[in-house]
*Asks:* 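Below are the C-alpha cells for one structure; questions will follow.
Numbers here are sequence positions counted from 1. Atoms within each ligand, like the ligands themselves, are counted from 1 in listed order.
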Amino acid sequence: MDTSDKGFNSKLIHSGGIVDEKGSAITPIYQTSTFRFKDADQGARFFSGEEKGYIYTRLGNPTIEDLENTLTDLENGYGSLATASGMAAVNTVYLTLLGKGDHMIGHHALYGPSRGIMEKLYPKFGIESDFIDATSIEEIEKVIRPNTKLLYLETPANPTMGITDLTAAVELAKKHNILTCVDNTFCSPYLQKPLDFGIDIVLHSMTKFINGHADIVGGILVAKDKVLFEQLKYVMINMGFNIDPHQAFLARRGLKTLGIRIDRAQESSMKVAEYLESHPKVEWVLYPGLKSHPQYELGERQMNGPGAMISFEVKGGLEAGKTVMNNVELAVLAVSLGGVETLIQHPASMTHSKLSREARDSAAISDGLIRLSVGIEEVEDIIADLDQALKLV
Ligand SMILES: *Cc1c(COP(=O)(O)O)cnc(C)c1O
C-alpha cells in the first residue's frame, strides 16, 4: 500500500511494501539462504540488475527489505540497510567514508564502542580522529582539517544527553565538504528525523527503541541519496554485516508499536525526571524535557519530544549510586535501553568503561552518573521503586 500521505503511526503499521504471493496479512519470515531462478537467463538478469529479484539472503531478502523500506519511509531517506547489530551499521559508515590519510570528527560522548574502535582499531588503517564537544559548533570548527571526511554525531548523546544543533552542524559541514552521520538511536524517527535537517546518513541500533522488546540485536542505516546508499551497500554486503531474516521479522513487528511505546515511556520519563530533580539525595538530573537541561530550547526546536532516557547523579557519588542500583527491584540492572522494561546502569563501570579515564573526563561522564531507560510499566511503580532504593542511601 502507498503510505506516502499517511501519518507516522499508520506508516509504522503499513509501510514496507512487500506483498506476499500467498496472501499473508503481514510479511512472513523468508527463512532461506538462497532463491530459485526460473531459468538461467533470469539468474543472469538478476545479477546484472536488469531485473529486480532475490538472489541470496546476504544480498537481499523480502523480510529484511520490508523492514528496510519501512525505515526509509520513516526517516525520509533514499534507502536503508539492515545490519546484524548497531555496531555493524557504525562500522559500515566508517569503512565506507574513511580511508588511509582521512580524518573524522566525533562527539566526545558517543556510544562507548563507536568512539573506542575509532581510537583503538582504525588508526591501524591510517585513519585519524578528534573527539570534541559537538554541542558547540565552534569546537567542531576548531578541529576541521583539509582531510576531514566525516562528522559523526549522536544527539542527544550517550549518556550525557548533550544536544547538537543539527541545522548549524550541517551548514558547517557543507561549507567544508564533510559528510555527516547521526546515530539516532536515542530518539528513533518518531522523535527526530536527521535527514530532514540535511544530514547525509542516519543509523540506529535497532536493539533499542525500534525493536523495543530487548530480544534481538540489530542495526539499520538510512542514506539520503542513491550514491551514498550504493557505497554503503557495497561495504555492508561484502563485509557480511547483514541481518538475519528472523531478527528482521522481530524488529519489524516491534516497530509497529514504536509510537505508543514512546508516548507512554516519555510521559512517565517526565514524571520520573521531576521526581528525581526534587529528591534531596539527587545531585543533578539531565533530561531534555526538564527546563534545567542546558539545551532545553534547542531540544524543543529540534526534537518532537524529550524521549525516555534520563541521566542523574546521586549525592555521595559512585558509592551512593551503587546503593541505588543494587536495591532497585522493578528496574533491571542491565545495559542497553529502549525496551518496554525500565533499565538502570552505570556508564563509567559498564558501557563506557573501555574508554580511557581522560576520554570519560573530557566527555563529562562522571563516576557517579547513572543512566535510566524508562520503560512502560506503571509510572507509580517505577517511582516507588526508585524511592525505596534512594531511601537506603
Ligand atoms: C546500543 C547502541 C549502539 C550499538 O548497537 P548494538 O546493537 O549493540 O551493536 C550504538 N549506538 C547507540 C546510541 C546505542 O545505544
*Asks:* Tell me if the centroids of the rings in Phe8 and Tyr190 come within less than 6.0 Å of each other.
*Replies:* yes
*Asks:* Tell me the protein heavy atom at minimum distance from atom 7 (O) of ligand 1, and give that distance in Å.
*Replies:* Thr207 OG1, 2.7 Å
*Asks:* Is the closest N or O pair between Gly86 and ligand 1 shorter than 3.5 Å?
*Replies:* yes
*Asks:* Please confirm whether Lys208 makes a cation-pi placement over Tyr111, using NZ or CZ under 6.0 Å from the six-membered ring centre and within 45° of the ring normal.
*Replies:* yes
*Asks:* Would Met87 count as being in polar contact with ligand 1, using the rule that some N or O on each side must be under 3.5 angstrom apart?
*Replies:* yes
*Asks:* Taking the six-membered ring for Trp, are Tyr30 and Phe35 closer than 6.0 Å centroid to centroid?
*Replies:* no
*Asks:* Could you list the atoms of ligand 1 found under 4.0 angstrom from a heavy atom of Asp183?
*Replies:* 10 (C), 11 (N), 12 (C), 13 (C)
*Asks:* How about Glu171: does its CD atom have over 12 heavy atoms from other parts shown lying under 6.0 Å from it?
*Replies:* no
*Asks:* Measure Leu110 to ligand 1 on non-hydrogen atoms and call it side chain, backbone, both or neither using the 4.0 Å cut-off.
*Replies:* neither
*Asks:* Give the atom numbers and elements of ligand 1 that come within less than 4.0 Å of a heavy atom of Glu154.
*Replies:* 13 (C)
*Asks:* Spell out, yes or no, whether Ile210 and Leu221 are grouped together once hydrophobic residues are joined by side-chain heavy atoms under 4.5 Å, including indirect joins.
*Replies:* no
*Asks:* Go through ligand 1 atom by atom and flag the ones less than 4.0 Å from a non-hydrogen atom of Ser85.
*Replies:* 7 (O), 9 (O)
*Asks:* Any idea which atoms of ligand 1 are less than 4.0 Å away from a heavy-atom of Gly218?
*Replies:* 7 (O)
*Asks:* For Ser205, counting its heavy atoms only, list the atoms of ligand 1 lying under 4.0 Å from any of them.
*Replies:* 1 (C), 2 (C), 3 (C), 4 (C), 5 (O), 6 (P), 7 (O)
*Asks:* Do Leu110 and Tyr152 have side chains that get closer than 4.5 Å, going by heavy atoms?
*Replies:* yes
*Asks:* Taking Glu297 first and then Lys291, would you say they form a salt bridge - that is, a charged N and a carboxylate O separated by under 4.0 Å?
*Replies:* no
*Asks:* Enumerate the atoms of ligand 1 whose separation from the nearest heavy atom of Asn158 is less than 4.0 angstrom.
*Replies:* 13 (C), 15 (O)
*Asks:* Under 4.0 Å from a heavy atom of Leu337: give me the atoms of ligand 1 that qualify, with their elements.
*Replies:* 15 (O)
*Asks:* Among Val182, Asp165, Ile199, Leu151, whose side-chain contact (heavy atoms from CB on, under 4.5 Å) with Val170 holds?
*Replies:* Ile199
*Asks:* According to the interplanar angle, ranging from 0 to 90°, do the rings of His246 and Phe249 count as parallel (below 30°), tilted (30 to 60°) or perpendicular (above 60°)?
*Replies:* parallel
*Asks:* May I ask you to list the atoms of ligand 1 that are less than 4.0 angstrom from any heavy atom of Lys208?
*Replies:* 1 (C), 2 (C), 3 (C), 14 (C), 15 (O)
*Asks:* Give the residue and atom name of whichever protein heavy atom lies nearest to atom 4 (C) of ligand 1, and the separation in Å to one decimal.
*Replies:* Tyr111 CE2, 3.3 Å
